[in-house]
Amino acid sequence: MKKVINYFKTAALAAVLLASSAAYATTGVPVQGSANLKGKALMDKSDCSACHQLEVKVVGPAFKDIAKKYSADKTAVNKLSDKIIKGGAGSWGDIPMAPHPQVSKADASEMVKYILSLAPAGGAKPAAKKS
Ligand code: HEC
């Protein structure tokens, strides 16, 4: 009986290892290198996914579209981290981005770096049209 239990323990452990090595974390956003994971973790803890998804516009623009729009913009990290903290509308339409006064400038910058890292390889290159 002990052997059987051990077998299941091993199988369960293997399943956990397999699951955690998959390239997708909780939001379904692919993990791209460790440098930007801090920003992703901060976003997972915040409410961003209530309005944003990776590929499609929900309330706010898709993170990939944000990454594309600002991929050549050297001021993006500063500008967008302020926007995360203060909120506001006008860049994508009339619906305002919710303010996040509890997020520090440093943490907001990490979030922006993560979002910008989602741009398709090749930076500013326009992506294939989908619709
Ligand atoms: C209540 C809905 C909502 C939540 C929650 C939200 N956003 Fe947004 N976000 C928006 C909308 C709407 C826009 C488009 C604003 C505009 O047109 O200027 C936006 C725009 C953005 C932009 C681009 C800003 C620009 O000027 O181009 C970034 C970056 C962003 N959001 C990051 C985040 C992050 C990070 C979080 C979590 C900390 C978050 N958002 C949470 C709705 C939201």
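As the structure lists them, so they are numbered: ligands from 1, and atoms in each ligand from 1.
Across Val112 and Ser81, no two heavy atoms sit closer than the pair CG2-N, 3.6 Å. The two residues Lys105 and Asp82 have their closest heavy-atom pair at NZ-OD1, 2.7 Å. Taking each heavy atom of Val59 and Lys57 in turn, the nearest pair found is O-NZ, 4.1 Å. Scanning both residues, Tyr70 and Ala76, for their nearest heavy atoms gives CB-CB, 3.8 Å.
Near Gly93, the atoms of ligand 1 lying under 4.0 angstrom from a non-hydrogen atom of the residue are 17 (O). The ligand atoms of ligand 1 that sit less than 4.0 angstrom from a heavy atom of Pro96 are 12 (C). Those atoms of ligand 1 with a heavy atom of Ala89 less than 4.0 angstrom away are 16 (C), 18 (O). Atom numbering of ligand 1 starts at 1 in the shown order; those under 4.0 Å from a heavy atom of Asp47 are 5 (C), 37 (C). Using a 4.0 Å cut-off to heavy atoms of Met111, the atoms of ligand 1 that qualify are 35 (C), 38 (C). Atoms of ligand 1 lying under 4.0 Å from at least one heavy atom of Leu80, given by number and element, are 24 (C), 25 (C), 26 (O), 27 (O). Residue contact check: Gly88 has heavy atoms under 4.0 Å from atoms 15 (C), 18 (O) of ligand 1.
With respect to Lys40 and Asp44, a salt bridge is recorded, a charged nitrogen being found less than 4.0 Å from a carboxylate O.
Both the backbone and the side chain of Ile95 come within contact range of ligand 1, each with a heavy atom under 4.0 Å.
In this comparison of Asp94, Ile66, Asp82, the heavy atom closest to atom 28 (C) of ligand 1 sits on Ile66.
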Please set out all donor-acceptor pairs under 3.5 angstrom arising from side-chain atoms of residues 86-96, sequence neighbours excluded.
unit_1 : atom_1 : unit_2 : atom_2 : d
Ser91  : OG     : Lys83  : NZ     : 3.2

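With contacts defined as side-chain heavy-atom distances shorter than 4.5 Å, the pair Glu55/Asp65 does not qualify. Considering only heavy atoms from C-beta on, Ile84 comes within 4.5 Å of Met111 through its side chain.
Shortest contact from atom 17 (O) of ligand 1 to any protein heavy atom: Trp92 N, 2.6 Å. Regarding atom 26 (O) of ligand 1, its nearest protein heavy-atom neighbour is Ser91 OG, 2.8 Å. In terms of protein heavy-atom proximity, atom 25 (C) of ligand 1 is nearest to Tyr70 OH, 3.2 Å.
Between the side chain of His52 and the backbone N or O of Ala50, no donor-acceptor pair lies under 3.5 Å.
Gln102 CD to Asp107 CG: the interatomic distance, rounded to the nearest 0.5 Å, is 10.0 Å.
Exactly one of Val103, Leu42, Val77 qualifies for a side-chain contact (heavy atoms from CB on, under 4.5 Å) with Glu110. That residue is Leu42.
The number of protein N, O or S atoms lying under 2.8 Å from atom 8 (Fe) of ligand 1 is 2.
Linking Ile, Leu, Val, Met, Phe, Trp and Tyr residues whenever their side-chain heavy atoms come within less than 4.5 Å places Tyr114 and Leu54 in a single cluster.
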